[in-house]
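Below is one structure, written out as structure tokens; comments come after it.
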Amino acid sequence: MPEGNFYERVYHWVRQIPPGQVTTYGAIAALAGNPMAPRAVGYALRVLPENSDVPWQRVVNKAGKVSPRGVDPGLAVFRQRKLLEREGVAFDADDCIDFKRFAWAGPAG
DNA sequence: GAGATGACGGGCT
DNA sequence: AAGCCCGCCATCT
């Protein structure tokens, strides 16, 4: 039993993201029932272990970039980017992901 | 119970 | 176009 149902919802929707596709914190927040709680989504993903079954790496910010976090933001971004590239997600020279090509359309399709 | 935190987003400058 | 400030939320201390 999770402490809050919100976390469970976030994890549920993030698990729906197929490999090679990405979505935003805002989109997950909306799916979880709180469109104005993208920060809470980040908080939920923050507590996940690296070996979690939740593909947290497929969630990026609205700018199409990986969000820096932790004591070593550069390393964290590097590792997430590597995971995504391994799935086929491409980054441009500005470290941005092209949503036109890799954005998750959502549960509806 | 109150104050502070953080992997965001929108609006304004 | 890029950067700064404010507001939003759930959670933690």
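Numbers restart at 1 for each chain; the letters A, B, ... are given by sequence-line order, proteins then strands. Model, not experiment: these values are computed from the prediction. These numbers come from the heavy atoms of this one structure, side chains and all, not from hydrogens, waters or symmetry mates.
- Counting heavy atoms of neighbouring residues, nucleotides and ligands inside a 6.0 Å radius, atom CZ of A:Arg15 exceeds 12 of them.
- Atoms CG and CZ, from A:Leu84 and A:Arg79 in turn, are 13.0 Å apart once rounded to the nearest 0.5 Å.
- DNA chain C is contacted by no residue of residues 65-79 of chain A, taking any non-hydrogen atom closer than 4.0 Å.
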*Dump the intermediate steps for side-chain hydrogen bond (donor to acceptor under 3.5 Å, both in side chains) on A:Gln80 and A:Arg69, then the final yes or no.*
CA-CA 11 Å; A:Gln80 182 171 350; A:Arg69 74 282 191 182; 2.8 Å; yes
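- Using modelled atom types, one side-chain atom of A:Arg58 and one backbone atom of A:Ile17 make a donor-acceptor pair closer than 3.5 Å.
- Without hydrogens or angle criteria, A:Asn61 side chain to A:Ala63 main chain gives a donor-acceptor distance under 3.5 Å.
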*Decide side chain to side chain contact (heavy atoms under 4.5 Å, CB included) for A:Val14 and A:Val10; before the verdict, give the C-alpha distance in whole Å, the side-chain angles of both, and the deciding distance to 0.1 Å.*
CA-CA 6 Å; A:Val14 173; A:Val10 170; 4.1 Å; yes
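- Considering every non-hydrogen atom in both A:Gly20 and A:Phe102, the closest pair reads O-CD2, 3.5 Å.
- Less than 4.0 Å separates DNA chain B from at least one heavy atom of each of the following residues of residues 32-56 of chain A: A:Pro38, A:Arg39, A:Ala40, A:Gly42, A:Tyr43, A:Leu45, A:Arg46, A:Trp56.
- Looking at A:Leu31 and A:Gln16, their side chains never come closer than 4.5 Å, going by heavy atoms from C-beta outward.
- In the region residues 91-102 of chain A, proximity to DNA chain C at under 4.0 angstrom, judged on heavy atoms, holds for none of the residues.
- Using a distance-only test at 3.5 Å, with no hydrogens or angles considered, no donor-acceptor pair links the side chain of A:Asn34 to the main chain of A:Met36.
- Remark: C1' of B:dC8 and CG of A:Asn61 are 8 Å apart, rounded to the nearest angstrom.
- Atoms CZ (A:Phe6) and C1' (C:dC8) sit 11 Å apart, rounded to a whole Å.
- Between the NZ atom of A:Lys62 and the P atom of B:dG11 there is a distance of 12 Å, rounded to whole Å.
- Checked by atom type and distance alone, the side chain of A:Tyr7 never pairs as donor or acceptor with a backbone atom of A:Val47 at under 3.5 Å.
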